[in-house]
Amino acid sequence: MFKDVGPVAETARIMNIHEYQGKALFAEHGVLVQSGVHATSVEEAIAGWEELESNLVAVKCQIHAGGRGKGSLHEPQSKEIVLQGGVQLARSKDEVESLASKMLGNILVTKQTGASGKRVQNLYIEAGCDIANEYYLALLVDREKKSLLIMASTEGGMEIEEVAANTPEKINKIWVDPSAGLLGFQIGELARSLGLSKTASRSFAGMIRSLYNLFISKDCSMIEINPLVRTNDDVIVALDAKVSFDGNAAFRHPDIFEELRDLSEEEETEILADEAGLSYVKLDGDIGCLVNGAGLAMATMDVIKLYGGEPANFLDVGGGADEQQVKTAFSIIMGDQNVKGILINIFGGIMRCDIIARGVISATEELGLTVPLVVRLSGTNFEQGRKILAASTLNIHTVETLAEGAQRIVELIGGEE
């Protein structure tokens, strides 16, 4: 699944929704979708089958990850595979019941979830569709060109990353100038690239305009449809819906950010950080990072990798964090069992280094410090901050530069003194 092409740090400000929620938004904005029913139990799935009155339905696991169709469902404890594929077709009530029983409550593992997978708590029962052709379509933000990028391909139903790697010429792109908006000739260009007939082109044009309006009006960061399908009647239907939103615009869309957010799909630590006004993303490494400023955080992670380490998180406390926020940030890092060492890198501007120092001392006194801690303070009140840390009895290593800090923490977690 293609994501916003902006910096990795921006993932902290992206909110995803489920397919069934995306389909509802599509329908509200005039995008043609198949009838479907959201279900959270086997009984609701069966009721969905009966309500749709279709001879064929798709039973779809709803998680915030792509690759569901090729994923595998495991029992939470035994890890035994109970079903191959998180999207299945059913032709009877009994089949719906059987599939729903194997999906709900179990863990769906896909290429995008990692080995731990995600627990399936929602299903979408969708009426079948006669499919003549499958396509790929995506709208996303291209930050480098300061434009909205629309991509379309005839290789629908396939993993678009493989298409991009092996046959990039099959992905057609247009860039929409925000001052001009989506133009008719651009829509025609995309329709021709898909080889659509006049009837299908008209249907496609209406859908693209609706999707563009949805993207702009709701401050989306991405809309992806794979597959987008053409029926035998030359009608274009969105058979998929992956939609994400720019969290910086949350204040403009409480209907989305309060009503559609599924906290069960998010890391508990990321929820805690969000509530505390921190930007946090969990990563796979073992060196915890506490930094002020997104750019400095990215640089800190890069330098850690330069010296052979792997960052365990992206954590930006921002420029105006108070002692309690610093304490919360430190507790989040300490709560990660993978963390073997911590690097704090603060450049004091609006943020005062003495506040950082007090927050660290307060957090470690309450939580304990069982891993090496390296601190680099520079800028506003850095001397006071260093004195506060030096006066403590904690095993804290202070350094002058980021390079020294990264090298030191890598050495410490490697057992060198």
I'd like to know whether Ser153 forms a side chain to side chain contact (heavy atoms under 4.5 Å, CB included) with Tyr135, so could you lay out the CA-CA distance, the side-chain angles of the two residues, the decisive distance to 0.1 Å, and finally the verdict. CA-CA 6 Å; Ser153 175; Tyr135 310 97; over 6 Å; no

Arg261 with Asp274: basic N within carboxylate O range, under 4.0 Å: yes

Spacing of Met103 atom CE and Ser98 atom OG [to the nearest 0.5 Å]: 9.5 Å

Can you find a side-chain donor-acceptor pair between His74 and Ser72 that sits under 3.5 Å? yes

With the side chain counted from C-beta on, respond yes when Leu148 and Asp142 share a heavy-atom pair under 4.5 Å apart, and no when they do not. no

Any chance you could measure Arg91, atom CZ, to Ser54, atom OG, to the nearest 0.5 Å? 10.5 Å

Restricting to non-hydrogen atoms, name the atom on Asp130 and the atom on Asp233 that form the minimum distance, rounded to 0.1 Å. OD2-N, 4.5 Å

Indicate the atoms forming the closest heavy-atom contact of Val42 with Leu104, along with that distance. N-CD1, 3.6 Å

Side-chain H-bond candidate by donor/acceptor type, Asp219 with His253, under 3.5 Å: yes

Is there a side-chain contact between Met151 and Leu137, using heavy atoms and a 4.5 Å cut-off? no

Side-chain contact test, heavy atoms from C-beta onward, threshold under 4.5 Å: evaluate it for Glu95 versus Leu89 and give yes or no. no

How about Ile413 and Asp286: do any of their side-chain heavy atoms sit closer than 4.5 Å? yes

Heavy atoms of other groups near Lys340 NZ, more than 12 under 6.0 Å: no

As a quick check of understanding, evaluate side chain to side chain contact (heavy atoms under 4.5 Å, CB included) for Thr40 and Leu123, giving each step before the final call. CA-CA 6 Å; Thr40 58; Leu123 298 178; over 6 Å; no

Expected output: side-chain Gln112 to main-chain Gly66 donor-acceptor under 3.5 Å: yes

Once you round to the nearest 0.5 Å, how far does CD1 of Ile236 lie from CG of Leu196? 5.0 Å

Pairwise side-chain contact, Val399 with Val375, heavy-atom cut-off 4.5 Å (strictly under): no

Give a yes or no on whether the backbone of Thr328 and the side-chain of Ser331 come within a donor-acceptor separation of less than 3.5 Å. yes

Between Ser78 and Glu75, do the side chains contain an N or O donor and an N or O acceptor separated by less than 3.5 Å? yes

With sequence neighbours left out, what residues match Arg68 under side chain to side chain contact (heavy atoms under 4.5 Å, CB included)? Glu19, Lys60, Gln62, Ile63, Val87, Leu108, Asp240

Here the gap from Gln34 atom CD to Thr231 atom OG1, rounded to the nearest 0.5 Å, amounts to 8.5 Å

Are Ile208 and Gln186 close enough that some pair of their side-chain heavy atoms sits under 4.5 Å apart? no

Looking at Asp246 and Lys218, does any basic side-chain N land under 4.0 Å from a carboxylate oxygen? no

Please give me the minimum heavy-atom distance between Met334 and Thr370, naming the atom from each residue. CE-N, 4.2 Å

Within the 4.5 Å heavy-atom criterion, are Asp284 and Glu310 side-chain neighbours or not? no

Straight-line distance of Ser193 OG to Lys173 NZ, nearest 0.5 Å: 12.5 Å

Charged N-O contact under 4.0 Å between Asp234 and Arg230: yes

Leu412 vs His397, test: side chain to side chain contact (heavy atoms under 4.5 Å, CB included). Steps then yes/no. CA-CA 10 Å; Leu412 288 169; His397 306 259; 3.6 Å; yes

Non-neighbouring partners of Phe26 that pass ring-ring contact (aromatic ring centres under 6.0 Å, His included), sequence neighbours left out: none

Can any side-chain N or O of Gln88 pair as donor or acceptor with the backbone N or O of Gly85 at less than 3.5 Å? yes

Any donor-acceptor N/O pair, Ser147 side chain to Lys145 backbone, under 3.5 Å: yes

Where is the tightest heavy-atom contact between Ile14 and Ser221, given as atom of each residue plus distance? CD1-OG, 3.4 Å

Considering all heavy atoms of both residues, which atom of Asn172 and which atom of Leu190 are nearest to each other, and what is their separation? O-CD2, 4.1 Å

Check Glu411 with Arg408, please: is the shortest side-chain N to carboxylate O separation under 4.0 Å? yes

What's the shortest heavy-atom distance between Gly48 and Ile125, and which atoms? C-CG2, 4.4 Å

Going from CZ on Phe204 to CZ on Arg209, what distance comes out if it is rounded to the nearest 0.5 angstrom? 10.5 Å

Under a 4.0 Å threshold between the charged nitrogen and the carboxylate oxygen, would Glu159 count as salt-bridged to Lys111? yes

Could you check whether Lys93 makes a cation-pi contact with Trp49, meaning its NZ or CZ is under 6.0 Å from the centre of the six-membered ring and within 45° of the ring axis? no

Ile346 and Val291, any side-chain heavy atoms less than 4.5 Å apart: no

Between Asp262 and Asn122, is the side chain to side chain contact (heavy atoms under 4.5 Å, CB included) condition met? List the steps. CA-CA 11 Å; Asp262 186 350; Asn122 296 274; 3.8 Å; yes

Do Glu224 and Tyr136 have a side chain donor and acceptor closer than 3.5 Å? yes

Using 30° and 60° as the class boundaries, would you call the ring planes of His18 and His64 parallel, tilted or perpendicular? tilted

Strictly distance-based, threshold 3.5 Å: is any side-chain N or O of Ser210 a donor or acceptor partner for the main-chain N or O of His29? yes

